[in-house]
Amino acid sequence: MPELPEVEVTRLSFASRIAGAQVLSVSMGKALRWPLMCEPKALVGRVVVGVRRRGKYLLIDFDRGLLLLHLGMSGSLMFATQLPQRGVHDHFDMQTTQGLLRLNDPRRFGAVVYADHEDAPVAHKLLGKLGCEPLSPNFDALKFYADLKRKKTAIKQVLLAGEVVVGVGNIYACEALFQAGIRPTLSAARISRPRAVKLHAAIREVLNRALEKGGSTLRDFSSAQGESGYFQLEAMVYGRAGQACRVCQSSIKLLRQGQRSSFYCPQCQKG
DNA sequence: AAAAGCCCCTGGATGC
DNA sequence: TGCATCCAGGGGCTTT
């Protein structure tokens, strides 16, 4: 589920409310993708300074050290003063002076990992190879074009890999490629400069629009305030195999690329 | 070194 | 109703 818009919506929904809070207790349920890398007790007394996002990771900064949090495929956070008793899929609870932060993650592909510093080995391993933030001014169209030139793989896979640009998952990769009129199977290196520029703009446009809609809620996503997203209602291709293209009425096609589904319009995405 | 596959895990939808 | 199969928003790791 959670791609950049969902992670950012989550961040915005609790960052200011948790800022300044002191940790009272931390408890873990079933194992997530990786161990916490510290004793839960070691976090007691720390003060939350702020919450940042890098790619699909949330970084919870303490006065000393930070937590790297990933929502995986099915994770969602809640932050509230009052929450029900821990359920079977609640795997991380952090009680603070300003509320309880809870990670719910049925599939447990998510993670909460502690690091002493942002350049500690764990953090470096997880964040070190991440590409450009698509909504930051650093995301430059010509640099993007140059990066694509070096990748012979299909453009869809390049977008998902996160080494050129981060945060674009399966939904938004499909949608951005549609908007740019590019077929998902096209080798990234074969995309012309004007079309790379168009794709660059499409990525930003699609992500910003999704942010405005509160992200996409396909099954279990909600913000840390429990709000659903609505972008899925205006998807042009994602999840629409066999349905009519909203632009040209052609039947939307589905194909598999690296064990993921790609949706595209054969008429609107010719190259 | 780049690219392709393989898993991790649970639950919902579909089909027999 | 029951059971098997397939599929899902991610991404690090292993193998080619």
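Only heavy atoms go into these numbers, but all of them, side chains included; no hydrogens, no water, no symmetry mates.
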Kindly say if [X] contacts the phosphate of [N], meaning a side-chain N or O under 4.0 Å from OP1 or OP2.
| X | N | result |
| --- | --- | --- |
| A:Thr153 | B:dA3 | yes |
| A:Lys129 | C:dG11 | no |
| A:Arg108 | B:dC8 | no |
| A:His70 | C:dG11 | yes |
| A:Lys151 | B:dA2 | no |

Can you tell me how far [atom1] in [N] sits from the matching atom in [M], rounded to whole Å?
| N | M | atom1 | result |
| --- | --- | --- | --- |
| C:dC6 | B:dC6 | P | 15 Å |
| C:dG11 | B:dG12 | C1' | 23 Å |
| B:dG11 | C:dG12 | P | 25 Å |
| C:dC7 | B:dG5 | P | 16 Å |

Structure string for DNA chain C in dot-bracket form, Watson-Crick and G-U at under 3.5 Å, | interchain: .|||||||.|||||||
Donor/acceptor link under 3.5 angstrom from A:Arg107 side chain onto base of B:dC9: yes
Return the value, rounded to whole Å, for the distance between atom [atom1] of [X] and atom [atom2] of [N].
| X | N | atom1 | atom2 | value |
| --- | --- | --- | --- | --- |
| A:His91 | B:dT10 | NE2 | P | 8 Å |
| A:Phe109 | C:dG12 | CZ | P | 13 Å |
| A:Glu163 | C:dG10 | CD | P | 15 Å |

Position toward the 5' end of DNA chain B (nearest nucleotide), A:His89 or A:Arg33: A:Arg33
Closest non-hydrogen atom pair between A:Thr10 and A:Ser222, with its separation: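 Taking every non-hydrogen atom into account, OG1-O, 4.4 Å.
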Check: A:Tyr264/A:Thr185 side-chain N/O donor and acceptor closer than 3.5 Å: no
Is the shortest side-chain N to carboxylate O distance from [X] to [Y] below 4.0 Å?
| X | Y | answer |
| --- | --- | --- |
| A:Glu118 | A:Arg52 | yes |
| A:Glu175 | A:Arg209 | no |
| A:Glu234 | A:Arg246 | no |

Common cluster, A:Leu69/A:Val23, ILVMFWY with side-chain heavy-atom separation under 4.5 Å: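 A:Leu69 and A:Val23: one cluster.
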